[in-house]
There are 2 protein chains.
Amino acid sequence: MRKLKYAILGLINRKPMTGYDLTAEFDKALGSFWHAKHSQIYPELKKLTEENLITYETVIHGEKLEKKVYTITEKGKQELKNWILRDEPLEPTPKDVFKLRAYFIELMNKEEIILQFSRQLAKRQKKLEILKSAMEELLKTKDISNVISEEFGDYIVLKGAIMREQTYIDWLKECLDIVAKSSE
Amino acid sequence: MRKLKYAILGLINRKPMTGYDLTAEFDKALGSFWHAKHSQIYPELKKLTEENLITYETVIHGEKLEKKVYTITEKGKQELKNWILRDEPLEPTPKDVFKLRAYFIELMNKEEIILQFSRQLAKRQKKLEILKSAMEELLKTKDISNVISEEFGDYIVLKGAIMREQTYIDWLKECLDIVAKSSE
DNA sequence: ATAATACATGTAAATGTTGACATGTTTCAA
DNA sequence: TTGAAACATGTCAACATTTACATGTATTAT
């Protein structure tokens with residue numbers, strides 16, 4: 001399916017970037033729905049260059065540090081536009097290790113259950129706070145009134161991430177509540 | 001991390017099973033948070049057997065069809081119990097191809113955006129209905145009053161899946177709403 | 001009867017992903 | 001000035017996962 005291909009193509013289409021910049025983007029903005037390590041990005045950039053979907057220009061930064069700034073080609077833009085309109089079946093539900101543990105709840109006693117769920121809750125609440133701060137920052141600095149814009153894209157995926165985390169937290173609290181009230 | 005190892009160990013711990021049974025479980029019950037193909041399961045079963053975490057007994061079904069019914073060992077139970085109590089950092093957010101498309105919303109025009117989001121909404125609504133039916137069935141046939149039971153494990157992960165799908169739908173509707181109201 | 005479907009178990013090649021290895025430059029703060 | 005952090009690019013081995021290949025039995029509906 002080459003999904004990384006389209007993630008990279010989409011980012012470079014927004015503006016020319018280096019492999020390092022892409023890595024940073026995968027850690028920040030896209031972090032709420034996509035991720036890739038630099039060890040996967042550099043080989044993919046090489047491949048996309050060979051396929052003539054992107055090209056690069058070597059730029060010297062400072063005295064001798066070489067950067068490869070990648071730009072999307074017309075062919076790349078066409079493939080990207082073609083991919084974005086495709087209608088694909090729903091992906092299989094993503095894996096969730098915490099839910100795997102929760103599923104086998106019968107292996108824990110009451111205190112252990114409460115400990116595991118509380119720890120997960122704390123982590124998720126922390127993450128939600130980070131996402132909310134990012135949203136505050138976004139609303140302060142960007143204009144999202146135009147629906148056909150990068151800014152609106154940034155906004156909706158961040159909004160989706162916040163809603164997802166909030167729901168996960170609600171679920172954890174509901175579980176904790178039932179367990180706490182149980183007699184066993 | 002060997003996560004499949006623990007998924008299999010947990011299932012076999014619930015009751016002895018064949019590789020085929022495990023595959024079916026990954027398609028049904030665990031489908032809402034884990035998945036594995038039989039081509040991954042059979043080699044893993046072999047490995048777990050070599051590690052003495054499970055053992056199998058060959059059972060003849062009918063005239064000559066051989067089944068390998070796997071049972072967890074004491075060592076396997078110990079490892080499983082040990083894993084379930086571990087405190088691990090939050091996994092990176094799972095990948096979401098639809099959100100990747102949504103992020104690059106600037107590549108579509110208004111009609112295309114509405115088409116893509118509506119199609120996704122229809123698929124998610126269908127999936128939610130299936131999950132709700134599964135919940136109705138579960139509540140009808142199983143007793144979830146004991147928190148330390150397989151039934152309660154089944155219940156909470158299904159509940160989590162329903163909440164997640166509902167939130168995804170809410171997000172899609174919100175996005176569609178903003179786009180529909182936009183002038184562009 | 002027979003054909004489709006479900007049951008049952010495997011392997012091999014390709015692809016996707018992570019973690020470790022490997023190297024060097026530039027900037028910024030103490 | 002020097003050391004840490006950020007910038008910058010790559011490879012390789014191991015592990016995870018999917019798709020295709022490969023084979024055969026038992027049950028159920030027509």
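All chains are named by letter (A, B, ...) in the order of the sequence lines, taking the proteins before the strands, and each is independently numbered beginning at 1.
When only modelled atom types and interatomic distance are considered, A:Ser32 and B:Lys99 share no side-chain donor-acceptor pair under 3.5 Å.
If you take CE of A:Met1 and C1' of D:dA16, they are 14 Å apart, rounded to a whole angstrom. Taking atom OH on A:Tyr56 and atom P on D:dT9, their separation rounds to 11 Å, with Å as the unit. Summarising the geometry, the separation between CD on A:Glu66 and P on D:dA8 is reported as 13 Å, rounded to the nearest angstrom. Atom CD1 of A:Ile8 is separated from atom C1' of C:dT17 by 13 Å (rounded to the nearest Å). Atom P of nucleotide C:dA8 and atom CD of B:Glu63 are separated by 16 Å, given to the nearest angstrom. Distance A:Leu100 CG to D:dA16 C1': 15 Å, rounded to the nearest Å. In this structure, A:Lys67 atom NZ and C:dT27 atom C1' are separated by 13 Å, rounded to whole Å. The NZ atom of B:Lys64 sits 16 Å away from the C1' atom of C:dT9 (whole-angstrom rounding).
Looking only at distances, a side-chain donor or acceptor of B:Asn109 sits under 3.5 Å from a matching main-chain atom of B:Glu112.
Residue pairs meeting the side-chain hydrogen bond (donor to acceptor under 3.5 Å, both in side chains) criterion with at least one member in residues 9-24 of chain B, sequence neighbours excluded: A:Tyr103-B:Arg14, A:Glu106-B:Arg14, B:Arg14-B:Asp154, B:Thr18-B:Asp21.
Among the protein residues, B:Lys3 comes within range of no part of the nucleic acid, since none of its heavy atoms lies under 4.0 Å from any strand. Backbone-only engagement by A:Lys95 is indicated by non-hydrogen atom pairs under 4.0 Å involving sugar-phosphate atoms exclusively.
In this pair, A:Trp171 and A:Phe98 present their aromatic rings perpendicular. The plane angle is above 60°, beyond the 30 to 60° band.
Of all nucleotides listed (C:dG24, C:dT27, D:dA26), C:dG24 comes nearest to the side chain of A:Leu65.
Because its NZ or CZ atom is both nearer than 6.0 Å to the ring centre of A:Trp83 and within 45° of the ring axis, B:Arg101 counts as a cation-pi partner of that residue.
Taking both residues in full, the closest heavy atoms of B:Ile84 and A:Gln116 are given as O-NE2, 2.6 Å, listed atom of the first, atom of the second, then distance.
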message: Apply side-chain contact (heavy atoms from CB on, under 4.5 Å) to residues B:Ile105 and B:Phe117 and explain how you reach the verdict.
response: CA-CA 11 Å; B:Ile105 200 165; B:Phe117 276 77; 4.3 Å; yes
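B:Lys5 has no side-chain polar atom (N or O) that falls below the 4.0 Å cut-off from OP1 or OP2 of D:dA16.
Of the residues in residues 18-47 of chain A, those with a non-hydrogen atom less than 4.0 angstrom from any atom of DNA chain C are A:Lys37, A:Ser39, A:Gln40.
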